[in-house]
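Remarks on the structure that follows.
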Amino acid sequence: MLEVKNVDIVVGTRYLIKNLSFVLNKGDKLAIIGEEGNGKSTLLKALLGNCDYATYTGEVFCGGTIGYLEQSFSEEILKKKVKDYLFCCDNEYYEKLPILYKYLEFLKIEDTLFLQFFGTLSGGEKVKIGILNLLLKDYDVLFLDEPTNDLDIETLEWLEHFIQTISKPVVFVSHDEMLLSRTANKILHIEQLKKKQECKHTLLPIGYDDFVERRQKEIVRQTQISRFETRDYKKKEEKLRGILQKVEHQQKTISRSDPHGAKLLKKKMHSLKSQEKRLENFQVTEMPDVEEEIFFAFPLLSLPKKKVILDFHLPTLFVEDKILARDLSLQVYGGEHICIVGKNGTGKSTLVQDIYEELKNRQDIVLGYMPQNYEDVLKNFSTPLSFLTERVSSVTEARSYLGNMHFTKEEMTGPIESLSNGTKAKLFFIKFVLEKCNVLLLDEPTRNVSPLSNPVIRRVLKEFGGTIISVSHDRKFIEEVVDIVYQLNEKGLKKL
C-alpha cells in the first residue's frame with residue numbers, strides 16, 4: 001500500500017502541487033498526466049524524498065519498498081557495465097539466474113548486453129534494462145517515469161500486459177495514449193493555469209478514456225454556462241444602465257413643487273443602486289482554462305508527387321564496429337508520410353542521422369529535422385527565441401507561436417536547457433512552421449508530448465502537405481499520420 005497525505009511541492013516561488021492526498025492499494029495503476037514542465041517527474045522524486053531542486057512538505061507512507069525507473073539515467077550508471085548495474089556481485093548474479101533468464105526471454109534481451117557499457121545501449125535497450133532491474137529487485141510498489149520512451153512495439157505490448165497483470169501498485173508517467181487506455185485505473189492530472197501562476201490537480205478513480213470523455217464534457221458544459229452567464233449579465237447590465245439613466249434624468253428635471261415624486265424617485269434610485277451592486281458582485285463562470293489547447297498549423301503547401309525527395313542507398317549500417325543492417329534502399333516521393341519501425345537496437349536513429357546527412361544540403365527542399373536527442377541541435381542555442389529566429393527574422397511572430405504553445409515570457413527568453421523535453425519538442429514544431437519546411441525528418445516526434453496535446457500534433461502532421469520521414473513506436477501516430485511503413489532489420493528495409 002502507498003498513502004500520500006497533504007503533499008505540497010514548490011519550485012522557486014511556483015507551486016506545482018497543493019494539498020495532494022491519495023491511497024493506492026493492491027492492483028491500483030495510477031497514471032500521472034499533464035503538460036510538459038508541470039512537475040510529473042518532480043512529483044515522483046518528491047514522493048521518494050529525492051528531489052534537490054524543489055521544496056516539498058507532506059507525508060508518504062509505504063508498506064514496503066519502492067522501485068523507481070527514472071526518465072533518464074545518470075552519468076554514473078551510463079559508465080557502468082550492464083551486469084554491474086544489475087548485480088552488486090557475482091553471487092547475486094548466480095542466485096538470480098533462473099528468474100533472470102525468464103525475464104530476459106519476456107523482454108527479448110540478449111545476455112550479451114551484460115558485457116556492454118550502459119551508455120552504449122540504444123534508448124530502448126536502456127529502458128528494458130531499467131525495467132529488468134526493477135523486476136529482479138522485487139519491489140513492493142513501482143514508480144515508472146516514461147517507461148515507454150524508445151521501446152519497440154513488441155516490448156510496448158509486453159509492458160502493457162505487465163502493468164495490467166501485476167498485483168503491485170504502480171504509479172507511472174506516460175505519453176502513450178494506448179498504454180494509458182489499456183492499463184490505468186486511476187488518473188492524476190496536473191495542470192498549471194493562468195499563465196502558470198496557479199496549480200491544479202484532478203484525481204479520479206477511472207480509466208484514461210473515461211477521464212478524457214468526462215473532461216471534454218466538463219469543458220463543453222463550463223463553456224456553455226460561461227457564455228450564457230456572460231450574455232445574461234450584459235443584458236441585465238444594459239437594461240439596468242438604461243433605467244438608471246432614465247431615473248437620473250427624471251431626478252434632474254422633476255419640479256420642486258412635487259416633493260412626493262422626488263421622494264419616490266430617490267427610493268427607486270436607491271433600489272437600482274442596490275441591484276447595480278449585486279450585479280457587480282456577481283461572478284460569471286470563467287471560460288475553461290484548458291492547458292492542452294495548443295495551436296499551430298503549417299501553411300498550405302504541397303510537393304509534386306513525382307518529385308524524388310530521397311533516393312537512399314547504403315551497403316552497411318553500423319555503429320562503431322558493429323554492423324546493424326545491410327543493403328538498405330529507400331525511395332521517398334513528394335507528399336508521402338513514411339515511418340520506419342523495428343526492434344530496439346536495430347539502428348533506426350542511426351539511419352535517421354545518415355538520411356539527415358544526405359538531405360541537409362539540398363537546395364530544392366526546406367528540411368526540418370528533429371533528432372532523438374534534442375541537444376544535438378539545441379546545444380548551439382541559448383534561448384528558445386534564438387533557436388526560432390536563427391533563419392527567420394520576425395521575433396514578433398516567434399513570440400506569437402510560443403504563446404500559442406503556452407510558453408511564458410520567462411521561458412521564451414530563459415535558458416533553453418532548463419525546458420522539459422516535451423517543451424523542447426514543441427520548439428521544433430514551431431521552428432518547422434516558421435521556416436515553412438516542406439520535408440520533415442522526425443525521430444520519435446510524439447514521445448515527449450502530453451497525451452492530451454498529442455491529438456493536436458497528430459492532426460497537424462496528418463494534414464501536412466509536404467513529406468514526412470519518421471521513426472516512431474507511437475501506435476496512434478502510425479495509425480493516423482503515416483501512409484507507408486517500413487521495417488528495419490539486419491537484412492535492410494522491408495515495406496509492410
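Excluded from the calculations below are hydrogen atoms, water molecules and symmetry mates; all remaining heavy atoms, backbone and side chain alike, are included.
- In this structure, a donor-acceptor pair under 3.5 Å is present between the side chains of N448 and Y374.
- Screening residues 461-481 for side chain to side chain donor-acceptor pair (under 3.5 Å) gives E160-R475, D176-R475, E444-H473, T446-D474, R458-E480 as the qualifying pairs, with residues at least two apart or on separate chains.
- Counting heavy atoms from C-beta on, the side chains of P445 and F429 come closer than 4.5 Å.
- Each salt bridge (Lys or Arg N to Asp or Glu O under 4.0 Å) pair with one or both residues in residues 95-106, not counting sequence neighbours, appears once here: E92-K96.
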Practice task
Decide yes or no on side-chain contact (heavy atoms from CB on, under 4.5 Å) for V482 and I468, but give the supporting numbers first.
Solution key: CA-CA 8 Å; V482 175; I468 298 175; over 6 Å; no
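- The heavy-atom pair separating V127 from P147 by the smallest distance is CG1-O, 2.9 Å.
- Across every non-hydrogen atom of A54 and T42, the tightest pair is CB-CG2, 4.0 Å.
- Pairs of residues two or more places apart, or lying in two chains, that qualify as side chain to side chain donor-acceptor pair (under 3.5 Å) and include a residue from residues 11-22 are N6-S21, R14-Q192.
- For A31, the side-chain contact (heavy atoms from CB on, under 4.5 Å) partners at least two apart in sequence or on another chain are F172, L180, A184, I187.
- Separating the OG1 atom in T65 from the CG atom in D138 is a distance of 7.5 Å, to the nearest 0.5 Å.
- No donor-acceptor pair under 3.5 Å is formed between the side chain of T346 and the backbone N or O of G342.
- Closest non-hydrogen pair, L419 versus P384, comes out as CD1-CG, 3.8 Å.
- The ring pair (Phe, Tyr, Trp, His ring centres under 6.0 Å) analysis of residues 21-59, with sequence neighbours excluded, yields no pairs.
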Practice task
Before giving the answer on salt bridge (charged side-chain N to carboxylate O under 4.0 Å, His left out), spell out for E213 and K217 the whole-Å C-alpha distance, their side-chain angles and the decisive distance to 0.1 Å.
Solution key: CA-CA 6 Å; E213 183 181 355; K217 286 180 179 178; 3.3 Å; yes
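- Minimum heavy-atom separation, V141 to C62: CG2-SG, 3.8 Å.
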Practice task
Just do the side-chain contact (heavy atoms from CB on, under 4.5 Å) check on I323 and L317 with the steps written out, would you?
Solution key: CA-CA 6 Å; I323 295 177; L317 178 69; over 6 Å; no
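- The two residues L107 and K128 come nearest to each other via the heavy atoms O-NZ, 3.1 Å.
- Every residue two or more places apart in sequence or in another chain that forms a salt bridge (Lys or Arg N to Asp or Glu O under 4.0 Å) with K83 is listed here: D90.
- For residues 113-149, the ring pair (Phe, Tyr, Trp, His ring centres under 6.0 Å) pairs, not counting sequence neighbours, are F73-F118, Y85-F118.
- The aromatic rings of F162 and W158 sit parallel, their planes meeting at an angle under 30°, below the 60° perpendicular limit.
- For the residue pair T423/E411, the side-chain donor-acceptor check at 3.5 Å is not satisfied.
- Put simply, CD on Q116 and CG on L113 are 5.0 Å apart, with the number rounded to the nearest 0.5 Å.
- Dense packing is recorded around NZ of K168, with more than 12 heavy atoms of other residues, nucleotides or ligands lying under 6.0 Å away.
- Between L86 and L136 there is a side-chain heavy-atom pair separated by less than 4.5 Å.
- Looking at E336, its side chain never comes within 3.5 Å of a backbone N or O of D483 through a donor-acceptor pair.
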Exercise for the section: Test side-chain hydrogen bond (donor to acceptor under 3.5 Å, both in side chains) on S41 and Q71 and set out the steps. Expected result: CA-CA 8 Å; S41 297; Q71 191 175 130; 3.2 Å; yes
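- Put simply, the side chain of N344 gets close to the backbone of D152: a donor and an acceptor are under 3.5 Å apart.
- Inter-residue side-chain proximity for T383 and I416 is flagged as unmet; no heavy-atom pair is nearer than 4.5 Å.
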Exercise for the section: Decide yes or no on side-chain contact (heavy atoms from CB on, under 4.5 Å) for I430 and L434, but give the supporting numbers first. Expected result: CA-CA 6 Å; I430 296 172; L434 290 173; 3.8 Å; yes
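- Judged by distance alone, the side chain of S453 and the main-chain N or O of S450 form no donor-acceptor pair under 3.5 Å.
- Counting only distance, with no hydrogens or angles, the side chain of N185 and the backbone of K29 share a donor-acceptor pair below 3.5 Å.
- With sequence neighbours left out, the ring pair (Phe, Tyr, Trp, His ring centres under 6.0 Å) criterion links F464 to F298.
- Here the straight-line distance linking atom CG of L144 with atom CG of L134 works out to 6.5 Å at 0.5 Å rounding.
- Here the options are V220, L452, L204, the test is side-chain contact (heavy atoms from CB on, under 4.5 Å), and the partner is R215; only L452 passes.
- To the nearest 0.5 angstrom, L2 atom CG is 11.5 Å from L142 atom CG.
- Contact check for K186 versus L24: side-chain heavy atoms found under the 4.5 Å cut-off.
- Salt bridge status for K424 with E375: present, with a side-chain N to carboxylate O gap under 4.0 Å.
- The shortest side-chain heavy-atom distance between Y369 and L442 does not fall under the 4.5 Å cut-off.
- For the pair L324 and G347, the tightest heavy-atom approach, listed with the atom from each and the gap, is CD1-CA, 3.6 Å.
- By the 4.0 Å N-to-carboxylate-O rule, K426 lies close enough to E35 to be salt-bridged with it.
- In the displayed structure, F106 atom CZ is contacted under 6.0 Å by at most 12 heavy atoms of other residues, nucleotides or ligands.
- D209 pairs by the salt bridge (Lys or Arg N to Asp or Glu O under 4.0 Å) definition with nothing, not counting sequence neighbours.
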Side-chain donor-acceptor pairs under 3.5 Å in residues 488-496, sequence neighbours left out?
from	atom 1	to	atom 2	distance (Å)
N489	OD1	K491	N	2.8
N489	OD1	G492	N	3.4

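- Rounded to the nearest 0.5 angstrom, Q353 CD and L441 CG are separated by 10.0 Å.
- The shortest distance between side-chain heavy atoms of T202 and I190 does not fall below 4.5 Å.
- By the side-chain hydrogen bond (donor to acceptor under 3.5 Å, both in side chains) test, D111 pairs with Y101, sequence neighbours left out.
- A distance of 12.0 Å separates CE in M178 from OG1 in T183, rounded to the nearest 0.5 Å.
- Every residue was checked against the salt bridge (Lys or Arg N to Asp or Glu O under 4.0 Å) condition with E410, not counting sequence neighbours, and none meets it.
- Counting heavy atoms from C-beta on, the side chains of P371 and Y356 never come closer than 4.5 Å.
- Using a 4.5 Å heavy-atom cutoff, the side chains of V4 and V23 are not in contact.
- The pair E435-K431 counts as a salt bridge, with a side-chain nitrogen and a carboxylate oxygen less than 4.0 angstrom apart.
- No donor-acceptor pair under 3.5 Å is formed between the side chain of H189 and the backbone N or O of G34.
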